[in-house]
Participant: 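Below: one structure in structure tokens.
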Amino acid sequence: MQSLTLSSPSPITPRSTSTGGPHSTSLITPTHLRFCGLRREALFNGCKASNSIRFTELKKKRTNKVCLAALNRNGSGKSGSYDYDLVIIGAGVGGHGAALHAVEKGLKTAIIEGDVIGGTCVNRGCVPSKALLAVSGRMRELQNEHHMKSFGLQVAAAAYDRQGVAAHAEGLATKIRNNLTNSMKALGVDILTGFGAVVGPQKVKYGTSGGPETVITAKDIIIATGSVPFVPKGVEVDGKTVITSDHALKLETVPEWIVIVGSGYIGLEFSDVYTALGSEVTFVEALDQLMPGFDPEIGKLAQRVLINPRKIDFHTGVFATKITPAKDGKPVTIELTDAKTKELKDTLEVDAALIATGRAPFTEGIGLESVNVQTQRGFIPVDERMRVIDSKGELVPHLYCIGDANGKMMLAHAASAQGISVVEQVSGKDHVLNHLSIPAACFTHPEISMVGLTEPQAREKAEKEGFEISIAKTSFKANTKALAENEGDGIAKMIYRPDNGEILGVHIFGMHAADLIHEASNAIALGTRIQDIKYAVHAHPTLSEVIDELFKSAKVTSHVPSAAPEPVAV
Amino acid sequence: MSQLLNSSFTPTTTTLRRTSLTQPTSIRKCTQVQAKIREIFMPALSSTMTEGKIVNWIQSEGDKLSKGQSVVVVESDKADMEVETFYDGYLAAIMVDEGSVAPVGSAIALLAESEDEIPLAVSQAQKQGAGASAETPPPSDAGAVVTAPAPVAAPAAVKTAAGGGTGGTMSTHPASEGGKRVVASPYAKKLAKELNVDLSFVVGTGPLGRIVAKDVEAAVVAAAVGGGEKVSKESGVTGGVELGSVVPFTTMQGAVSKNMVESLGVPTFRVGYTITTDALDALYKKIKSKGVTMTALLAKATALALAKHPVVNSSCRDGKSFTYNSNINIAVAVAIEGGLITPVLQNADKVDIYSLSRKWKELVDKARAKQLQPQEYTTGTFTLSNLGMFGVDRFDAILPPGTGAIMAVGASVPTVVATKDGRIGMKNQMQVNVTADHRVIYGADLAQFLQTLAKIIEDPKDLTF
């Protein structure tokens, strides 16, 4: 999924008809066409002979980068007295999305990366975890004799090779990383290697620690430094028996019994992987119920399908206050403290512990003090346009922060969308991203996805603003395609305003939920109302009919078609 | 919650709701009797529901209820449902608290018709509560249970046998603080709850003495055996069998019996052969460390011989025609607790000996755990039965219906042999005896098959290719 996000954020994909478009003014037409081709090649890894020749040609040109960059692909050389139009610190998914869009907008762009291209998502997050989940999904299917039998299939006992599974995850990350690097190289984005930091207004330095440092100037700067796994105090991570997602994705061991601290997206996905590979899992959740953050009803159903029938138990309302790795034949010990009374409640002794308590922004040592910016719990304060706010509450000119580092919505595709929004602004078009239209997904089996408000959030908002809300629900049990796949577990739920047909939130739990959510998120992003979208036609038989049903079952009193209002920013 | 009922998600709700409440679904004695105090029962919200969890009481004790009003939210195996009352009255006493589970049909609350009757209902609830707790764990007189099928009786027996019997063995996990704390894996806990096993009496064999799933399973079996329910196991006759008792067949015994009677309809004959196994023994010694088993070697040799004599691998079902089976699937008879089963080594002629050995191990483990799938024990085309490990030197086997032949294998024993050149030597020899369906397999077929088999076993280099 992530690779899709990567290739799709910019609307510039094969647009061979754009000769008359607004962009052709800043780009020489043949060049434009060429980079489209190259870009696709880079993304799809399909190196045909003719293309690879062009590729080397490009590489050669890149050696004298300044004149070349000015010549064609990377910006039109209008940076004036600055080295670059745009410098992005951090080449994760957010930085990548911003860089690609900046080149499209004709900005001369550089991206600074001190670690590996691709950041968390590609190397230690969404991408390798999807590889593991792809394996766990198949294992689950093969192990489910009842399921197989109902298809009339007979399968011998399924087994797996840990190393092979780990190699698949690693291989996928490498492939996506290369795609990402190539796509930027092909566009001529300057990739500057080293640790980047702001040194003053419109000034950035980069270099290796102890090594030489280079200072460059830029008209605008985007901080996209991302995040690292958050490890609460009292927890000793040794990387072997007490691990974070960074280690777990390498799948060096499959412990018999693993405690997962935190039952959010990360914890849930890993519980899916580990139980499919034969581990038993104990969740430790500080809040009173599992899966906080999900719509309560969805969470409840998900618990019934993803937790209760599996080899999983849980402790809720407790903190893991002390976690000691296994040593000298002693197991991993975990002290559980009651979240309310602060009394020691229990001690667990297990084979391994995975810390999935969220992520902490990576914002230290990036020179924020030079522009008088103070982080809040590590996050960089920004306004709705991602403009950085300094300690006096004033905007820092030409400085933006996107992605996990600003903490608005810690999702790869949100970072990318924020990056694109910033590029739109610096290239002269005001743009505010509607975060309520950004979907999120959890890739368990079956998947969970959501966009917009949960039911309690919507109720609160409705009360405050004085409008009614209604709920529509459909079940996967009634869907032909789901039943054909023997995957009838699941519901879709929509929270909406019956008076004007506005969609407030959609939550899906069921097969391919992560792919199904986009119809709803697009509707929210474009301001499409239920009374309009309900007439859209869905192919039969497909899972998308679950969403179709959802729209059709909604009861909207207003029959006036919406005038496609501007999306509202939050 | 009420939207939940109105939505299309629970299309059957209305019907389910109607089944609820004060229906006399259970035949409890003392209840719904005097005056106008009615019981509210745990309703059956779906056909598969056996128990329900009280999610929350919408009404509280003392509230006035009118007919059709929702009283309680119940979580079934499928969904959460609101349950409504059919009678007007007062919710006098809640007998099952929120978060607790009650079996379908048991009383979860009492409904008094008038306010005056509330105290009466409350006292009744208390009485019932006390009665129920004495009643729920059925006082199973372990010794007397004879015909109870194991899975049902086991849970009750676990407590009695382990608790009352030997005084139980405490968990020995280092962290258990002398048995005060039970350390059990998540699945072990789930299983224990399901099977009604008290974990404090289970011995943990997992890492550092933790209780894992198989310990719980073992505890159930041990309790069943210890409780004198041995009856269902026909073999292992050593002790615990109640002499003079009549014991009905288990499912497996029934199936065996049926097959054996059916086999009488097939005209069978037997041909025996003595095979020298020195070379095979030597080979076995050599590759034993790689996990190869004698059973796998014999199955492989048999399969290779069958490949050359397809008629011995054929089967006759209708008495009018017969089938040359396309695969050579060697079924090997295994005695398991409570019967006999024939796990099948599929395509034994094609699979290499190492994979075959692994497969065999897997099948035996599954057979012991009673987890074999039908295709893993019904698809044999030729059966091997080996009693050599008991020192049996020869026996004959009954032909399983639907197959063409079965081979009984005796022990390989050192034998004094005279060779053609007049010398006397010592060789390991074993006797095999094939029973075959004479409608399709004739004497000469078997003789040739056995000759081929002997050749393969006496020069076993082809077994490990």
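The chains referred to below are lettered A, B, ... by the order of the sequence lines, with proteins before strands, and numbering in each begins at 1.
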Participant: So do A:Lys300 and B:Val55 actually touch side chain to side chain, heavy atoms under 4.5 Å?
Facilitator: yes
Participant: Under 3.5 Å, side chain of A:Lys311 to main-chain N/O of B:Lys190, donor-acceptor pair present?
Facilitator: no
Participant: Measure across A:Glu349 and B:Arg210 and return the closest heavy-atom pair with its distance rounded to 0.1 Å.
Facilitator: O-NH2, 4.0 Å
Participant: With respect to chain B, which residue among A:Thr333, A:Thr347, A:Val350, A:Asp489 yields the maximal number of heavy-atom pairs within a distance under 4.5 Å?
Facilitator: A:Thr347
Participant: Name the region of B:Glu376, side chain, backbone, both or neither, that has any atom closer than 4.5 Å to a heavy atom of chain A.
Facilitator: neither
Participant: Select one option (side chain, backbone, both, neither) describing which atoms of A:Lys149 are under 4.5 Å from chain B's heavy atoms.
Facilitator: side chain
Participant: Would the number of heavy atoms belonging to other residues, nucleotides or ligands and lying under 6.0 Å from CD of B:Gln375 be above 12?
Facilitator: yes
Participant: With the side chain counted from C-beta on, respond yes when B:Pro207 and A:Glu256 share a heavy-atom pair under 4.5 Å apart, and no when they do not.
Facilitator: yes
Participant: So for A:Asp351, is it side chain, backbone, both, or neither that comes closer than 4.5 Å to the heavy atoms of chain B?
Facilitator: both
Participant: Between B:Tyr187 and A:Glu280, what is the shortest heavy-atom contact and its length?
Facilitator: N-OE1, 2.8 Å
Participant: Does the side chain of B:Val183 reach to within under 4.5 Å of the side chain of A:Trp257, using non-hydrogen atoms?
Facilitator: yes
Participant: Given heavy-atom pairs under 4.5 angstrom as the criterion, report whether the side chain, backbone, both or neither of A:Glu549 touches chain B.
Facilitator: neither
Participant: Hey, are the side chains of A:Ile312 and B:Pro186 touching, using non-hydrogen atoms and a 4.5 Å cut-off?
Facilitator: no
Participant: Any idea which heavy atoms bring A:Asp313 and B:Lys189 closest together, and the distance?
Facilitator: OD2-NZ, 3.0 Å
Participant: Just wondering, are more than 12 heavy atoms of other shown residues or ligands nearer than 6.0 Å to NZ in A:Lys322?
Facilitator: no
